[in-house]
Amino acid sequence: MAESSEDSEGEELELIRPGLIRELRNVLDEYPDDGNATEFDNFTQCPEGNDTECRGRGGKQGKDPGRQSRISQTGRCANNKEAPSSEVLSATKYGEKPVWSKHMYIPYLLSSIWSRSVDVGRLGGATSMEGPALCVYNNEQFTEKDWEGIRMLHTSVKEKDPLKVGRFGLGFKSVFHLTDRLVIVSGEFIMYMDPFKGADRYCVRKRLAGTRGRELESLVRCLDAVFLAGSPHSLDRVFNSQTGLFSGTLFWFPLRRQESELSDTLYTEATLNDLLQAFKAEANSMLMFLKNLEKIELYTRDAKETKLVFTVELSAECVSAVRAERSKFKDSVRAATQDLPLEPVCNWSEVEVQMSGRNLRNRSQHKERWLVVNYHAGKNQASDQLLRLCRDPNLSYQPYVGVAVPLGGQRNFQSQLFCFLPLPLETRSPTGLPVHVNGFFALSQNRRHIKWPTADQVHNRAHMEPALQWNCLLVEELLPLAYIALLHRLQEIHDKKPDEFYKAWPDVATVDNRWQPLVRTLYTRLSQGTFFHTSVPIDTWIPLSQAVLQNLPPSVEPKVVQAIIHIYTISNEKVVRLPHHVMSGLQQLSLENVAQTITPRHVSELVLTHHQYLHDEYKLLLLQYLCSHGNDPQLLVDRFLLPLQDGTFGAFSLRGKADEVFFCEKETQVLFPGLEKAMCSSNVSEIIKNHLKNLAKSGEFSFRIVTCIDVARLLEMSIQTRFRGSSIRLSSQDSWIQQVWLYLKNSTPWNADLSGLCHLALLPCLEGHQIKLLPLKGIYVSLSAPGMSQINKDLSSSLSKLDITVVSLPQYVCDHKQILGGLVHYPNSHGILEVLEKVSTDPTTRTKAESDFNRTASEADISSLISFIANAKQLEPRKVSVLTGLRLFIDMTTKQFVSVRDVNVIGPRDPLPVLPPRSLLMCDESSRSAALKIGALKSLCTQYLKTS
C-alpha cells in the first residue's frame with residue numbers, strides 16, 4: 001500500500017511552551033526574593049536606562065540635564081479611596097530654564113492602614129488600581145522603545161545598546177514577587193499589565209486623552225492622592241487631563257495580600273519595610289557608577305500627608321562637576337558605539353554622597369566622599385582579543401570599567417562589585433580589593449553574579465565562551481588601567497600623605513583568586529611608574545628602579561629604623577617606605593628586585609663614609625642593627641661605632657692593630673677614673689651592652705673583656721693618670737677608694753690575695769678630712785682595731801720614727817680579710833713587735849730606722865717606747881734587734897742617751913760614791929726592765945768593783 005503524504009513528510013508539531021504565568025514564575029525563581037535591595041535596583045534601571053531624551057512639561061522633547069525618581073507605598077486615598085503613595089519631583093535651576101534633576105524618589109510607607117481597591121474600569125482586562133502599593137515615579141517619559149521593551153520577556157530592546165542598564169528583559173519582571181498586576185502611566189499613555197489574562201492580553205495600553213467618565217475620574221482621584229500635601233508639586237503640574245499628557249513615568253505596584261497562582265509570597269508592611277531597609281543599607285553606593293541618577297528619596301504616604309524619610313543624593317558641592325563629567329564621558333561612549341575611539345577615554349570625579357534620614361524623633365545626616373574613575377578602552381591600547389570581542393555582535397559589550405575608593409566618612413567599608421548598579425551584597429568582599437569595581441561585565445541573567453570560567457577551564461586552558469573571555473579581559477587588561485588612573489589622582493590628593501595613598505593598593509594575600517590577574521598587571525605597571533614616595537632630598541615620587549626599599553623585618557625597632565633612614569637620607573639615597581601589604585605584594589610578584597633594598601652591608605658602607613654626620617643616639621642604634629642583623633663582625637671594622645666612656649666613639653680595630661679598649665660592667669668601670677678613653681661606655685641600653693660584650697669576647701678586635709690581671713694594670717694606669725705627685729690625698733667624701741675596696745673584697749682572686757696589688761697606693765689612711773693613699777706593701781700597724789686599745793700618740797710618734805707607719809683605717813678596708821693581721825698589723829704588743837721585727841730583718845731598713853730615731857726622737861718618744869718594751873711580753877731581742885741600736889738609755893758617766901749596743905751593762909740602783917771607771921746604764925725601774933729585755937746586763941756593785 002502506498003504511503004500517505006503525511007507519512008512521507010512527517011508530522012509537523014508545535015513547540016510546547018509553558019504559559020505566561022509559568023514563565024513568570026521561572027523568572028521569579030531566577031531572581032529569588034531574599035530580602036536584599038535587588039528589587040529596587042530594578043526600579044533604578046527605569047530612570048537610568050534611558051538617558052538620551054526626556055519629555056519635559058508641556059510635552060516638549062529635550063536633553064535631560066537631570067533626572068529624579070521616587071518610590072513610595074500607598075496608604076489611604078482621598079475620599080476614603082485607595083491612594084497610591086507617590087511623590088513628584090522638584091524643579092531645579094539649570095542655566096536659564098527650569099529643568100528636572102536626575103533623582104529617583106522612593107516614598108517609604110509607614111502607615112498600617114489597608115484600603116479597599118479603587119476600580120478604574122475594565123480596560124482590556126485590567127481591573128483595578130489597588131492599595132496599599134509601592135509606587136515609583138521619575139521625570140523621564142517612556143519612548144516607544146521603552147513601551148516595547150517593558151513587554152518583553154527573555155529579550156530586551158537594550159540588548160544591543162551599550163548605554164543601557166538591563167539587557168535580558170527579566171529584571172523588571174521580578175516585581176511580580178510583590179504584586180500580581182501593575183499599572184504604568186507615562187507621557188500620553190496608561191498601561192495595565194495583568195499576566196492572568198494570558199500572553200495575548202497581558203498588556204493593555206491606552207491613551208490618557210481617551211479616558212472618559214468614571215475611568216478618568218478614578219484615575220485623577222488616585223493621581224491626585226499621589227501628589228497631595230507634602231509633594232513639591234500639585235497634580236496639575238504633572239498631569240493635564242485636557243491634553244492627556246503625564247509629565248514623567250509612574251509605576252504602581254499593588255502589594256500582594258493573598259496567595260495567587262503567580263506566587264505564594266505575601267507582602268505586608270513589615271516585609272516591605274525590610275526590603276526598604278536593605279535598600280538604605282546599599283544606598284551610599286547606588287549612585288556611584290550610574291550615568292544619570294543624582295538623587296533617590298524614600299517617602300511615606302498615608303491619608304493625611306506625604307513624609308520624606310530618607311534621601312541619598314550627590315551633594316550640592318559636587319553635583320555640577322559630576323554631572324559635567326558624566327555627560328562628557330557619555331558623549332565619548334556614544335561616539336564609540338559603532339567602533340572604539342583611537343585613544344582610551346578616562347574621567348574621574350570626586351563624588352560626595354549625602355544621606356539623610358528621619359525617624360519619629362529626629363533627622364540625621366551622613367556624608368561620604370569617593371574618588372570615582374570611569375575608563376573606556378581605545379583601539380591603540382586594546383589587545384587584539386579584546387578588539388575581536390568588542391566587535392562580536394552576539395556580545396554587544398563596551399570595554400567600559402570603573403573603580404571607586406573612599407576618601408572619607410565611610411563606615412565599615414567593604415568593597416563591592418558593580419555592573420553600573422551594585423551586585424547583591426555578600427558577607428565578605430567578592431574581590432578582596434580595597435576599591436569598588438564596576439564593569440560592563442557579562443552577568444548571569446538574574447544579574448547577581450559575574451560569569452566566570454570553571455576551575456577546570458582555567459586549569460586545562462579549555463575553550464571558553466566569549467562572555468567568559470570578555471570578563472577575564474576586563475579584569476586583566478582594562479581594570480588595571482582604570483585602577484592606575486585612580487591612583488594617579490589619589491596621588492595628587494594625598495601628595496604629602498603616602499600612607500593614605502598606599503591604602504588603596506591591593507593586598508595580594510587577601511585578593512580573591514579570580515582577581516589576581518588584575519593585581520599582577522596592576523603591580524607590574526605600578527612598578528614602572530612614579531608611584532613610590534620618598535622624602536629624600538624632598539618629598540617626591542619616583543619609579544621603583546630608583547628606590548631603596550625599606551624592607552626591614554618587623555623585629556627592627558622603630559628607633560633603629562629611624563636611624564637607618566637618617567643615614568640613607570644624609571647620603572642622599574632615595575629611601576621608600578612601603579606598608580607591609582605593598583612590600584609583600586612586590587615580593588610575592590618578584591618585583592622587589594627592580595629596586596635596591598636596605599641591607600646591613602650597605603648600611604655599614606654608609607657608616608664608614610658618613611659617621612661624622614651622625615649624632616650619638618643614631619650611632620648606637622646603627623651599631624645595634626649591624627650586630628642584630630649583620631651576622632658578620634667584619635661589617636664593624638674601622639666603623640666609628642664603639643661607644644667610649646668619655647662620650648666619644650672609637651673605631652672597631654682588629655686585634656693588635658690599635659690600643660686596647662676594655663669592656664666591663666659599670667660597677668667595675670668606676671674603679672678606673674681617668675681611663676674613660678680606654679673603657680667601653682656603660683651608659684648604653686641592655687641590648688647594645690650585650691652586643692658589645694659578645695664582640696669583646698670574640699677576640700677579633702682590640703676590644704676585650706677586663707680580666708683580673710687587667711684590674712691591677714688598669715688601677716695602676718688610673719692612679720698614674722689621676723695623681724701625678726708622689727703624695728696621694730683624697731677628700732674623705734671621695735667614694736672611689738671605697739668602691740675599689742668593695743670590689744676587692746667581693747672579687748676573686750682579690751678577696752683572698754692582694755699580692756698583685758702591693759705596689760699600688762691603695763691603702764687609705766684617714767688624716768682628718770682627707771685620705772692619704774699608701775702603697776699596700778709597707779710596714780704598717782693599725783692605730784686601732786675592734787676590742788683593742790688604740791696606740792697612744794707618743795708611741796705612734798716613736799714608731800713612725802722607726803719607718804713604721806701607724807695607719808687609721810676606714811672600716812671598709814678593715815672588712816677585707818687580708819688587711820688587719822696581714823698587710824696591717826694589729827695595734828697590740830704582738831702586732832708592734834711584728835713590725836719591729838720587719839724593721840730589724842732588713843739591714844738597710846734597720847740602719848735607717850736607728851739613724852732616724854736617734855736623730856729625731858724626743859724624750860716623749862723615748863719614754864713611750866721604753867714603756868712599751870718594758871711591758872711587752874714574749875719579746876725576743878734577736879727578732880727586734882733594731883731596739884738595741886736605739887738610744888733609749890742614759891750613760892751614768894756622760895749623762896747622754898746611749899743604746900744597749902753602746903752600753904750593755906746596767907748600773908746599780910743606788911748612786912756610787914765615785915764615778916765608775918766604765919760606762920754603765922743609768923736606769924729607773926721601767927728603763928731597767930726595758931734594757932734587760934733587749935739584751936742589757938745587770939751587774940751587782942761588788943762584782944763591778946772586783947772587776948774594776
Side-chain angles (χ1 to χ4, degrees), residues 552-553 555-557 559-560 563-564 599-605 607-608 611 614 616-718 721 739-740 742-753 756-757:
L552 298 170
S555 59
V556 180
E557 296 178 14
K559 288 185 177 180
V560 177
I564 293 172
T599 64
R601 185 164 298 280
H602 195 193
V603 171
S604 173
E605 293 170 357
V607 169
L608 182 64
H611 66 87
L614 296 170
D616 295 352
E617 182 182 4
Y618 281 167
K619 288 180 180 180
L620 291 174
L621 293 170
L622 291 172
L623 172 63
Q624 178 178 331
Y625 170 70
L626 292 176
C627 291
S628 300
H629 298 84
N631 298 320
D632 183 3
Q634 294 299 312
L635 296 178
L636 296 174
V637 174
D638 297 331
R639 273 55 174 183
F640 281 80
L641 296 179
L642 179 58
L644 303 178
Q645 190 62 23
D646 68 347
T648 65
F649 282 78
F652 282 92
S653 301
L654 292 175
R655 187 175 181 180
K657 300 290 186 180
D659 292 338
E660 289 183 321
V661 176
F662 296 92
F663 175 90
C664 59
E665 298 298 331
K666 188 172 185 179
E667 55 270 21
T668 304
Q669 196 174 87
V670 296
L671 308 181
F672 314 118
L675 299 186
E676 289 79 8
K677 193 75 175 175
M679 305 302 298
C680 178
S681 175
S682 59
N683 302 317
V684 295
S685 69
E686 201 64 31
I687 294 175
I688 296 176
K689 184 184 294 184
N690 289 333
H691 286 310
L692 290 170
K693 188 173 184 178
N694 291 332
L695 290 172
K697 286 180 178 179
S698 70
E700 297 193 34
F701 301 104
S702 294
F703 170 53
R704 61 186 180 84
I705 301 287
V706 171
T707 65
C708 62
I709 298 176
D710 296 324
V711 168
R713 183 159 65 93
L714 292 173
L715 282 172
E716 182 176 10
M717 293 170 59
S718 175
T721 302
Q739 291 170 327
V740 169
L742 183 64
Y743 170 81
L744 295 177
K745 184 184 75 170
N746 296 322
S747 302
T748 304
W750 308 117
N751 57 355
D753 182 7
L757 303 173

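A salt bridge is absent between Lys677 and Asp659; no separation between the charged side-chain nitrogens and carboxylate oxygens falls under 4.0 Å.
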Step by step, would you call Leu757 with Leu744 a side-chain contact (heavy atoms from CB on, under 4.5 Å)? CA-CA 10 Å; Leu757 303 173; Leu744 295 177; 3.5 Å; yes
Can you list the steps and then say if Tyr625 with Leu552 is a side-chain contact (heavy atoms from CB on, under 4.5 Å)? CA-CA 10 Å; Tyr625 170 70; Leu552 298 170; 3.9 Å; yes
Start with the C-alpha gap between Asp632 and Arg601, add the side-chain angles, then the distance that decides, and say whether side-chain contact (heavy atoms from CB on, under 4.5 Å) holds. CA-CA 9 Å; Asp632 183 3; Arg601 185 164 298 280; 3.4 Å; yes
Phe663 and Lys693: CA distance, side-chain angles, deciding distance, side-chain contact (heavy atoms from CB on, under 4.5 Å) verdict: CA-CA 7 Å; Phe663 175 90; Lys693 188 173 184 178; 3.7 Å; yes
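Between Leu636 and Leu623, the closest side-chain pair of non-hydrogen atoms falls below 4.5 Å. Using a 4.5 Å heavy-atom threshold, the side chains of Leu695 and Cys627 count as touching. Looking only at side-chain heavy atoms (C-beta outward), Val637 and Glu700 stay at 4.5 Å or farther from each other. The shortest distance between side-chain heavy atoms of Ser718 and Leu671 does not fall below 4.5 Å. Leu620 places none of its side-chain heavy atoms less than 4.5 Å from the side chain of Ser685. For the pair Glu557 and Ile687, the minimum side-chain heavy-atom distance is below 4.5 Å. Annotation: side chain of Leu715 is in contact with side chain of Phe672 (closest heavy-atom distance under 4.5 Å). A 4.5 Å side-chain heavy-atom check between Lys689 and Glu665 finds at least one atom pair inside the cut-off.
Of all heavy-atom pairs between Leu692 and Cys680, the closest is CD1-SG, 3.4 Å. Taking both residues in full, the closest heavy atoms of Thr648 and Asp646 are given as OG1-OD1, 2.7 Å, listed atom of the first, atom of the second, then distance. Annotation for Asn751 and Lys745: closest pair CB-O, 3.0 Å, computed over non-hydrogen atoms. The two residues Arg655 and Gly699 have their closest heavy-atom pair at CD-O, 3.3 Å. Taking all atoms of both residues into account, the shortest heavy-atom contact from His629 to Ser555 is NE2-OG, 3.6 Å. The two residues Leu641 and Lys619 have their closest heavy-atom pair at CD2-O, 3.7 Å.
None of Ile705, Val711, Ile709 except one satisfies the side-chain contact (heavy atoms from CB on, under 4.5 Å) rule with Thr707; the exception is Ile709.
Side-chain atoms of Ser747 do not come within 3.5 Å of backbone N or O of Trp750 as any donor-acceptor pair. Panel note: side chain Arg704, backbone Glu660; no donor-acceptor pair is recorded below 3.5 Å. Judged by distance alone, the side chain of Glu676 and the main-chain N or O of Gly674 form a donor-acceptor pair under 3.5 Å. The closest donor-acceptor contact from the side chain of Gln645 to the backbone of Pro673 lies at 3.5 Å or more, if one exists at all.
If you take CG on Leu614 and NE2 on His611, they are separated by 8.5 Å, rounding to the nearest 0.5 Å. The distance from atom CD of Glu605 to atom OG1 of Thr599, rounded to the nearest 0.5 Å, is 7.0 Å.
The aromatic rings of Phe703 and Phe652 lie perpendicular to each other, with more than 60° between the two planes, well past the 30° mark.
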